[in-house]
Amino acid sequence: MSKIKATGIESSEIKTTGINKMTTRQRIIDEALTLFSRRGYNGTSVKTIADAVGIKDSSIYKHFRSKREIIDAIADQMRQRIEKMSLEIGLPQEADAAFEYGCMSLGTLQDISRKAFLFYLQDDFMSRFWRLAGIEQYQNKEIYEIYRTIFFEQSIQYQTELFAEMIRQGAFRKADPEAMAISFYAPVFFLLSKYSDRPDETDEALRMLDRQIEEFCRVYKK
C-alpha cells in the first residue's frame with residue numbers, strides 16, 4: 001500500500017489499548033476525530049471536544065492552539081500508524097530493498113497485500129478519518145487536501161519509486177513506474193471503498209484482492 005514518514009508524535013502515544021493508557025493530548029486527538037467523523041469539522045466546537053475528554057475547554061489550549069492543530073496531529077498520527085504497519089508486515093522502507101520484495105513468490109506478495117489491506121479496512125482510527133474526509137471533501141478543502149496527500153499523492157509516489165527500483169533491478173518488466181503504481185493502487189483503493197463498513201464481506205474482499213495481485217503480477221512481473 002504505502003509507507004509514509006511521520007513526524008511530530010512520539011511512538012509511545014500510538015500504543016494506546018485503553019483510555020487509561022492515553023495521555024490527555026492523545027485523548028483529545030481521539031475524541032476529536034470521533035466527533036469530527038460524526039458531526040463534521042465545523043459542527044464540532046472546542047468545548048464539545050473538551051466535554052468528551054472530560055476537561056475544561058481552556059485546557060485544550062495547553063495542548064493545541066486551534067482545531068486546525070488537532071487536525072494536523074490526527075494526520076501525523078495516521079502517518080505514524082501507516083509507518084508502523086509497513087514495518088511490521090515487511091514492506092520495503094528504502095528503494096534498495098525493492099528487489100527482495102519484487103522477488104517474493106505470488107503467495108507471499110498476496111499475504112503482505114492482505115495484511116496491509118486489512119489494516120486500512122479495519123483500523124478504527126483510519127475508518128474515522130475516512131468518514132471525516134467523506135463529510136468534508138466538498139466543504140473543507142484543507143482537510144480534504146490532507147486526505148488526498150496521504151492516501152493518493154504520497155502512496156502513489158512511494159509505489160512509483162518502489163516499482164522503478166524493481167524494474168531497474170530486473171524483478172519487473174520495463175514499463176512506466178507511475179502507471180504501474182496507479183494500476184496497482186486504484187483497484188485496491190476501490191476494494192477498500194467498496195467493503196468499508198462491511199465486516200461480513202471481508203472474505204470476499206480478500207478473494208478479490210488476491211485476484212488483483214495475481215493479475216498485476218501476470219502483467220508486470222518477470
Side-chain angles (χ1 to χ4, degrees), residues 1-7 75 78-123 125-127 129-130 133-134 137 144-199 201-222:
M1 295 295 295
S2 66
K3 177 260 183 184
I4 298 170
K5 189 67 176 176
T7 58
M78 283 195 298
R79 294 185 181 97
Q80 284 268 8
R81 297 175 84 90
I82 292 169
E83 184 175 24
K84 183 174 182 289
M85 174 273 296
S86 68
L87 284 168
E88 289 178 347
I89 70 173
L91 285 173
Q93 301 303 299
E94 302 295 340
D96 57 8
F99 185 74
E100 181 181 350
Y101 181 72
C103 290
M104 289 177 182
S105 67
L106 174 61
T108 302
L109 286 170
Q110 287 173 326
D111 182 60
I112 288 177
S113 298
R114 277 171 165 247
K115 289 176 180 176
F117 183 83
L118 287 172
F119 168 79
Y120 282 96
L121 189 68
Q122 297 176 344
D123 183 83
F125 197 91
M126 292 290 170
S127 296
F129 186 80
W130 279 27
Q137 62 178 314
Y144 188 72
E145 281 300 311
I146 293 171
Y147 173 75
R148 191 180 79 163
T149 297
I150 293 174
F151 291 102
F152 291 95
E153 293 178 359
Q154 292 180 345
S155 294
I156 293 299
Q157 179 183 354
Y158 164 71
Q159 291 180 28
T160 297
E161 293 172 358
L162 186 69
F163 288 132
E165 183 61 18
M166 286 191 285
I167 291 169
R168 190 187 72 80
Q169 296 189 19
F172 276 70
R173 296 188 178 96
K174 289 184 178 181
D176 182 329
E178 184 175 17
M180 286 178 66
I182 293 171
S183 178
F184 180 86
Y185 187 66
V188 176
F189 191 85
F190 166 78
L191 292 175
L192 286 170
S193 300
K194 179 179 180 180
Y195 290 99
S196 176
D197 296 323
R198 294 186 179 185
E201 299 178 34
T202 299
D203 287 345
E204 178 182 322
L206 291 173
R207 285 194 296 271
M208 294 183 70
L209 177 67
D210 282 346
R211 290 164 56 192
Q212 166 60 26
I213 302 303
E214 183 176 4
E215 179 63 13
F216 181 85
C217 288
R218 185 190 68 79
V219 173
Y220 291 110
K221 203 170 184 295
K222 281 188 175 179

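Along the sequence shown, residues carry numbers from 1. Remember, predicted model here, so these are calculated numbers, not experimental data.
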L192 side chain near W130 side chain, heavy-atom distance below 4.5 Å = yes
CG on D210 to CG on D111, rounded to 0.5 Å = 9.0 Å
How far does OG of S113 sit from CD of Q110, to the nearest 0.5 angstrom?
-> 7.5 Å
Considering only NZ, NE, NH1 and NH2 on the basic side and carboxylate oxygens on the acidic side, decide whether D203 and R207 come within less than 4.0 Å.
-> no
Does the pair F119 and I82 meet the rule for a side-chain contact (heavy atoms from CB on, under 4.5 Å), with working shown?
-> CA-CA 9 Å; F119 168 79; I82 292 169; 4.2 Å; yes
Indicate every side-chain donor-acceptor pair of residues 173-184 with a distance under 3.5 Å to a residue at least two apart or in another chain.
{"unit_1": "R173", "atom_1": "NH1", "unit_2": "R218", "atom_2": "O", "d": "3.3"}
{"unit_1": "R173", "atom_1": "NH1", "unit_2": "V219", "atom_2": "O", "d": "2.7"}
{"unit_1": "R173", "atom_1": "NH1", "unit_2": "K221", "atom_2": "O", "d": "3.3"}
{"unit_1": "D176", "atom_1": "OD1", "unit_2": "E178", "atom_2": "N", "d": "2.9"}
{"unit_1": "D176", "atom_1": "OD1", "unit_2": "A179", "atom_2": "N", "d": "3.3"}

Separation between NZ of K194 and CD of E201, rounded to the nearest 0.5 Å | 7.5 Å
In this structure, OG1 of T160 is separated from OH of Y185 (nearest 0.5 Å) by 12.0 Å
pair R114-I213: side-chain heavy atoms closer than 4.5 Å = no
Interatomic distance, CD1@I150 vs OG@S155, rounded to 0.5 Å, equals 8.5 Å
Any idea how Y147 and F129 line up, ring-wise: parallel (<30°), tilted (30 to 60°), or perpendicular (>60°)?
-> tilted
Spatial distance of atom CG (L121) from atom OG (S193) [nearest 0.5 Å] | 10.0 Å
Do E204 and R198 have side-chain heavy atoms sitting under 4.5 Å apart?
-> no
Testing Q159, E165, Q157 for side chain to side chain contact (heavy atoms under 4.5 Å, CB included) with E161, which one passes?
-> Q157
Measure the acute angle between the ring planes of F151 and Y120, then classify it against the limits of 30° and 60° as parallel, tilted or perpendicular.
-> perpendicular
Minimal non-hydrogen separation, S86 against E83, with atom names | OG-O, 2.8 Å
Please find out if less than 6.0 Å separates the ring center of F117 from that of Y195.
-> no
Side-chain contact, heavy-atom cut-off 4.5 Å: L118 with L206?
-> yes
Ionic contact status for R148 with E145, cut-off 4.0 Å | yes
